[in-house]
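Structure record follows, encoded as structure tokens.
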Amino acid sequence: MAEAERYYVTTPIYYVNDAPHIGHAYTTLACDALARFMRLDGRSVHFLTGTDEHGQKVAKSAAAAGMSPKDFTDKVSQNFRELAKAMNFSNDDFIRTTEERHKKSCQELWRRLKERGEVYLGSYAGWYAVRDEAYYGEEELTLAPNGKRIAPSGAEVEWVEEPSYFFKLSQWGDKLLKFYEDNPQFLAPESRRNEIISFVKSGLRDLSVSRTTFNWGVPVPDDPDHVMYVWLDALTNYITAVGFPDDNAPSYRKFWPADLHMVGKDIARFHMVYWPAFLMAAGLEPPRRVFAHGWWTNEGQKMSKSLGNALEPHAMVAKYGLDQVRYFLLREIPFGNDGDFSHRSMVHRMNGDLANDLGNLAQRVLSMINKNCGEQVPQPGAFTDADKKLLSSAHGLLAKVRPLMAEQAFHRTLEAIWQVVGDGNRYVDEQAPWALKKTDPARMATVLYVLAETVRHVAILVQPVMPHSMAKMLDQLAVPDDARTFSALGDGGTLKPGTKLPKPEGVFPRYVDEAA
RNA sequence: GGCGCCGUAGCUCAGCGGUAGAGCAGGGGAAUCAUAAUCCCUUGGUCGGUGGUUCAAAUCCGCCCGGCGCUACCA
């Protein structure tokens, strides 16, 4: 009781070589909304993001730029910090795999695996594409006219044979299946479940976890010819960030196992199969849940380098507004599914849900208060059944939304809140405070008070998704900074009649397309 | 090929044994506090096809058609 319940949520670490696009922003946004929600709900939160900076491709890009890998990654990892800033992400830490703390952590994890006999030295042979940094199976290759073998990606491959350490993944199939069975919440969303389970059931092969063909990575302890291969290195960041290898560190004891690893569906397997296997093999606890979300398309088209149609977060924010973009991404599609971004649907959401429904509700209420109640919170009289009904729907929101957020159902959370926004608009029309103004000013004051309370609830609950806009809305209700958490919901922080209110200003402008 | 998912109103989806729902879009009306925003009413579907189980099927089973995902060491 004494200590707040903790919540540890992570994004994947992003590959520094990539230019940040909407996919990165989307993953981190989902985590940000969760982190903010949990903080407002009184939990002690650790929200981690960062960059993955090792690997052959990075070394090559650095060389091409005439820089050392270290200088190069210092520079490009900045892109992701800037993205976080531009999107108003509230991460508590930003980890880089080139940091000393991470090297120590990886090496200790390695030692534990080695000690337990989970890692052994063998050799790896196969068709390797340098450009892709990947091995391909014989059957995937095609023969080019010049006799070279070509990977599906179009990259040239060569036969490579190298010594490599292997992780005994083959021993972990049954234990993973049992783990999935005992922890049904671990694999999410449901649609990924079958895929992962059938993958594991089909039989696991040992996993090559070291490389000797390049050296830009974490050196394998006691065998400096090897560096650890991508996934072992990358995944370990999640424990590094909370203090591993010091398992007794207060932060480690507090935050591990993580409550949630948020990932894109392309890297589901690494997080849902390899990572829990690595951890269990090292005698550590697996995370509690991994959620693999879907991808966005742009106006119905898959985003690709060749089409040059990647959605660029900075440009979207500049065009539509930050909170509008945040809202759209979390409201438009059932979280977990793929979704399509289009100008049309974006404008539809920002004008319909934000400007017309919520923005206008706040504006009509605040402006009536401003004009008719002496620019201060009105003094309510006794509540009627209609008043109580609206208030109770606002008061009941948190209980409704908590379980939805616990399963990352952002769209349903917002839908539930907007239900109350709709109730509010209906109530205004039914009560017609503009008519009461002449016939029963005291009743008008009560109606406007009930509405202001409703707006207060909505604004507090929407903060995780649209922090700036809701701060503005709460400012206009003169809600003190210390009364904006979920503990102020219900009767915990009711508006005080007589409180001076500032002049209202629209929070969500309508988007109007320029006439052609 | 194997395993799995999906196909419900124009669009996005919910319903998953008791003879169809929501939001948006479309049509009509009311109101005028408000960012010409809001509110009410309303058109619209033989629930992909087909055979079966059942007193009763979008809802369970078989087959067919259509779409999609996974099938390992690229993030």
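Numbered from 1 within each chain, the chains take letters A, B, ... in sequence-line order.
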Nearest to the side chain of [X], heavy atoms from C-beta on, is which of [options]?
X: A:Met368; options: B:C33, B:C5, B:A75; value: B:C33
X: A:Arg426; options: B:C73, B:A75, B:C39; value: B:C39
X: A:Leu207; options: B:G4, B:C33, B:C73; value: B:C73
X: A:Asp266; options: B:G69, B:A75, B:C73; value: B:A75
X: A:Ser367; options: B:C3, B:A34, B:A37; value: B:A34
X: A:Asn360; options: B:A34, B:C70, B:C74; value: B:A34

Applying a 4.0 Å non-hydrogen cut-off, can you work out what [X] is touching in the nucleic acid: base, sugar-phosphate, or nothing?
X: A:Asn351; result: nothing
X: A:Arg269; result: sugar-phosphate
X: A:Gly23; result: nothing
X: A:Arg193; result: nothing
X: A:Lys371; result: sugar-phosphate
X: A:Asp18; result: sugar-phosphate
X: A:Phe508; result: base
X: A:Asn372; result: nothing

For the pair made of [atom1] in [X] and [atom2] in [N], what is the distance, rounded to whole Å?
X: A:Lys168; N: B:A72; atom1: NZ; atom2: C1'; result: 20 Å
X: A:His348; N: B:C11; atom1: NE2; atom2: C1'; result: 10 Å
X: A:Tyr274; N: B:C74; atom1: OH; atom2: C1'; result: 12 Å

**Prompt:** Side chains of A:Thr297 and A:Asp340: is there a donor and an acceptor less than 3.5 Å apart?
**Reply:** yes

**Same-atom distance (P) from B:U8 to B:C47, integer angstrom** = 11 Å

